[in-house]
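Working notes, structure below.
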Amino acid sequence: MRQPDSITAAPRITKRGRELLRDPLLNKDTAFSDAERTIFGLHGLLPPWIADLDTQIAQIIVNVRRQATDLDRYVYLESLHDRNETLYYRVLLTHLEELTPIIYTPTVGHACTQFSEIFQRPRGLYLSADQRGQFATILNNWPENDVEVIVVSDGSRILGLGDLGANGMGIPIGKLALYVLAAGLHPQRTLPVLIDVGTNNVALRADPLYLGLRQPRSVSADYAATVDEFMQAAHARWPRALIQFEDFSNDQAFTLLDRYRDQLLCFNDDIQGTGAVTLAGILSALRILDQRLSEQRIVFLGAGAAARGIADSIVAGMMAEDGLTLDAARRRIWTIDSQGLVTVNRTDELSEHKRPFAQDAPPLDDLIAVIHAVQPTILIGVSGQAGSFNETVIRAMQQYCPRPILFPLSNPTSKAECTAAQVDSWTNGAALFASGSPFPPILRTGQLVTPSQCNNLYIFPGVGQGVVSCQSCCVTDGMFYIAARTLAGMVSDAQLAQGRLYPDLTQIRDISLQIAIAVAELAFAENLAGIARPDDLTAFIKARFFEPSYQAYDAV
Ligand SMILES: NC(=O)C1=CN([C@@H]2O[C@H](COP(=O)(O)OP(=O)(O)OC[C@H]3O[C@@H](n4cnc5c(N)ncnc54)[C@H](O)[C@@H]3O)[C@@H](O)[C@H]2O)C=CC1
Ligand SMILES: CC(=O)C(=O)O
Ligand SMILES: [Mg+2]
């Protein structure tokens, strides 16, 4: 068995002059020391003042704040990302709560809709269907030999914004920035990938600036062969890399996960990561209410990938915590899709992923009717239908449940089923609330309260760091379950007293560390790990965390 390896800094530099300044992983801009300027031929290429990292952060944040719009802030930060990664990550870590909504949801969604217009420099790998047969060669164009995490999308369901084709690349880029920020992956070891099989978005295909293939999406066998070629080529080039499927439409998401989960180190974030983060939030809410999971009646608006992932996690919780049978647990969950309540008697052909949660119940075609019939205690929105949790819906629910658990999880904010302020006002602060994208603080009884955010960002970085640190051969549902329990266990009584269902985002590095440790422990316990267990697992994983700070460089 291999011994664990550790990440060592590589401060011996071969590049000089402009080439060094143009390498975002090495560049320090004005922070190169006088000695480095001499060694690497930088005198004259930089203004004479030597700044430190703190001064650079102060300069960047002033510029971020004076941009006119959040999209401008995204563009500004991405140009920093392309110029100086150390500074980019240090700025983000210093201003995490302010800047996460820019590089991630909601602004990253807006950025994807405008991706062709705002495009400056390429980042990541684009693999298009017309290059089938050449993927292995193309992967060799990527300069890094030690990739640890790949986030791949085909752009077919970008947040709740639908098919954005190649412009969906903003999502793998944003997810991987979170891997670095939250779980200390080294940026050099991350790889965003966009598999371009065309787009069914006609407006995009007609847009002269569009960056992707101008053809309808490939279907069935062609599609499967394209993804398969990527999976095999990626595994051959980087055998230890984790592959995270992101924002695939549900006609592919389940098939891909089923096909690869036992063969390769991979998972689907929208199904599994979302399941874990939502279960954690529900467990927190139940601590406030002093209720059990198995007592809940749960209605989902939306019956797609996220709904199935969350429903399966809740079922696992009901079975593990309260001893319910699989069937009894599933019977406590009702799902609604665009055709109404998902029931066994539906005349349309139900997709495979919906069937386990089809209820033996009369047809009901709207949410209000389902609420009166089911009298739910928990309502989860994963429909991408903005405003569908309206006042009538919430008041109907409160007739049966004075403190409802309300999770409008659709992203970005423009697709949320309701807002935090609406719920606060309609329920007079009684609801336990979390949304997929962040909402601004609410004034409640003289105090500003930040609404909770239920987003898989609390889960995937820690799970990813956990599996790659111990070189696990696969990612199991048990790992997501333990991640959910770990996250829920990190919500303090003081946070619960404020109605907060998740730890603060500022704790994200510690959260991801604890999740990574728990996941790696499970991998060792279940003989899935590819290395011997280090004596001090915590110290081992901590030592892998990338700290964005400048190191002194030596010439080779
Ligand atoms: N907060 C988080 O961490 C996450 C949030 N999401 C969000 O959840 C939403 C859904 O994502 P997926 O499940 O992957 O998409 P999906 O496309 O697989 O599922 C959407 C579901 O909504 C249903 N739907 C559409 N219109 C409807 C209507 N008018 N009434 C009732 N149901 C309707 C569809 O039939 C489908 O079942 C997206 O907005 C996504 O951004 C997804 C993953 C994580
Ligand atoms: C958060 C996320 O993964 C989504 O909305 O798709
Ligand atoms: Mg997603």
Side-chain angles (χ1 to χ4, degrees), residues 100-101 104-106 108-109 112 151-164 168 170-172 174-175 178 244-255 257 267-281 299-313 334-342 346 348 350-351 353-354 357-358 364-370 379-390 393 407-417 434-439 452-461 484 487 501-502:
T100 302
Y104 191 53
T105 184
V108 71
C112 287
V151 176
V152 58
S153 182
D154 68 354
S156 54
R157 190 289 273 146
I158 293 298
L159 306 179
L161 301 167
D163 180 353
L164 297 185
I171 290 294
K175 292 275 176 182
L178 285 170
Q244 171 169 326
F245 293 111
E246 192 67 50
D247 289 10
F248 282 75
S249 56
N250 68 45
D251 56 341
Q252 302 296 346
F254 295 101
T255 314
L257 182 60
F267 69 91
N268 181 298
D269 181 41
D270 301 295
I271 301 172
Q272 296 165 285
T274 313
V277 74
T278 310
L279 174 62
V299 167
F300 285 81
L301 189 71
R308 178 63 196 267
I310 300 167
D312 281 345
S313 298
W334 288 260
T335 54
I336 304 171
D337 66 9
S338 54
Q339 307 302 307
L341 185 64
V342 176
R346 276 254 296 254
D348 54 329
L350 279 185
S351 316
H353 69 267
K354 296 180 185 170
F357 291 93
L364 292 169
D365 57 15
D366 71 46
L367 177 58
I368 289 281
V370 175
L379 179 60
I380 296 174
V382 274
S383 63
Q385 301 300 305
S388 46
F389 294 176
N390 57 30
V393 167
F407 281 14
L409 300 187
S410 292
N411 296 317
T413 317
S414 60
K415 299 291 177 185
E417 284 79 3
S435 54
S437 298
F439 279 109
S452 298
Q453 186 181 1
C454 171
N455 191 294
N456 48 35
L457 77 89
Y458 278 110
I459 296 289
F460 69 79
L487 175 60
L501 307 181
Y502 294 93

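In each ligand, atom 1 is the first atom listed, and ligand 1 is the first ligand listed.
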Nearest to [atom], what protein heavy atom do you find, and at what distance?
atom                    : result
atom 9 (C) of ligand 1  : Ser410 OG, 3.6 Å
atom 16 (P) of ligand 1 : Asn250 ND2, 3.5 Å
atom 37 (O) of ligand 1 : Ala303 N, 2.9 Å
atom 1 (N) of ligand 1  : Cys454 O, 3.0 Å
atom 10 (C) of ligand 1 : Val382 O, 3.3 Å
atom 29 (N) of ligand 1 : Gln385 CG, 3.5 Å
atom 35 (O) of ligand 1 : Ser338 N, 3.2 Å
atom 19 (O) of ligand 1 : Gly304 CA, 3.3 Å

Checking Asn456 side chain against Ile459 main chain: does a donor-acceptor pair fall under 3.5 Å?
no
So for ligand 1, is [X] a polar contact partner (N or O within less than 3.5 Å, distance only)?
X      : value
Gly384 : no
Arg157 : yes
Lys354 : no

Is the distance between the Mg ion (ligand 3) and the nearest N/O/S atom of Asp247 smaller than 2.8 Å?
yes
Tell me the contacting part of Asp247 for ligand 1: side chain, backbone, both, or neither, using a 4.0 Å heavy-atom threshold, strictly below.
neither
Region of Asn411 that comes within reach of ligand 1 [heavy atoms, distance under 4.0 Å]
both
Taking the Mg ion (ligand 3) as the vertex, measure the angle between atom OD1 in Asp270 and atom OE2 in Glu246; round to 10°.
100°
So that I can tick it off, tell me whether Lys175 and Asp247 are bridged by a salt bridge, with the cut-off set at under 4.0 angstrom between side-chain N and carboxylate O.
no
Of the listed options (Gly281, Gly302, Ala307), which comes nearest to atom 23 (C) of ligand 1 when hydrogens are ignored and any heavy atom counts?
Gly302
Taking only non-hydrogen atoms of Leu301 and a 4.0 Å limit, the atoms of ligand 1 in range are 31 (C)
Between ligand 2 and the protein, tabulate every N or O atom pair separated by less than 3.5 Å, reporting distance only.
residue: ligand 2; atom: 3 (O); partner: Lys175; partner atom: NZ; Å: 3.0
residue: ligand 2; atom: 3 (O); partner: Glu246; partner atom: OE2; Å: 3.0
residue: ligand 2; atom: 3 (O); partner: Asp270; partner atom: OD1; Å: 3.0
residue: ligand 2; atom: 3 (O); partner: Asn456; partner atom: ND2; Å: 3.0
residue: ligand 2; atom: 5 (O); partner: Asn411; partner atom: ND2; Å: 2.8
residue: ligand 2; atom: 6 (O); partner: Arg157; partner atom: NH1; Å: 3.0
residue: ligand 2; atom: 6 (O); partner: Arg157; partner atom: NH2; Å: 3.4
residue: ligand 2; atom: 6 (O); partner: Asp247; partner atom: OD1; Å: 2.9
residue: ligand 2; atom: 6 (O); partner: Asp270; partner atom: OD1; Å: 3.0

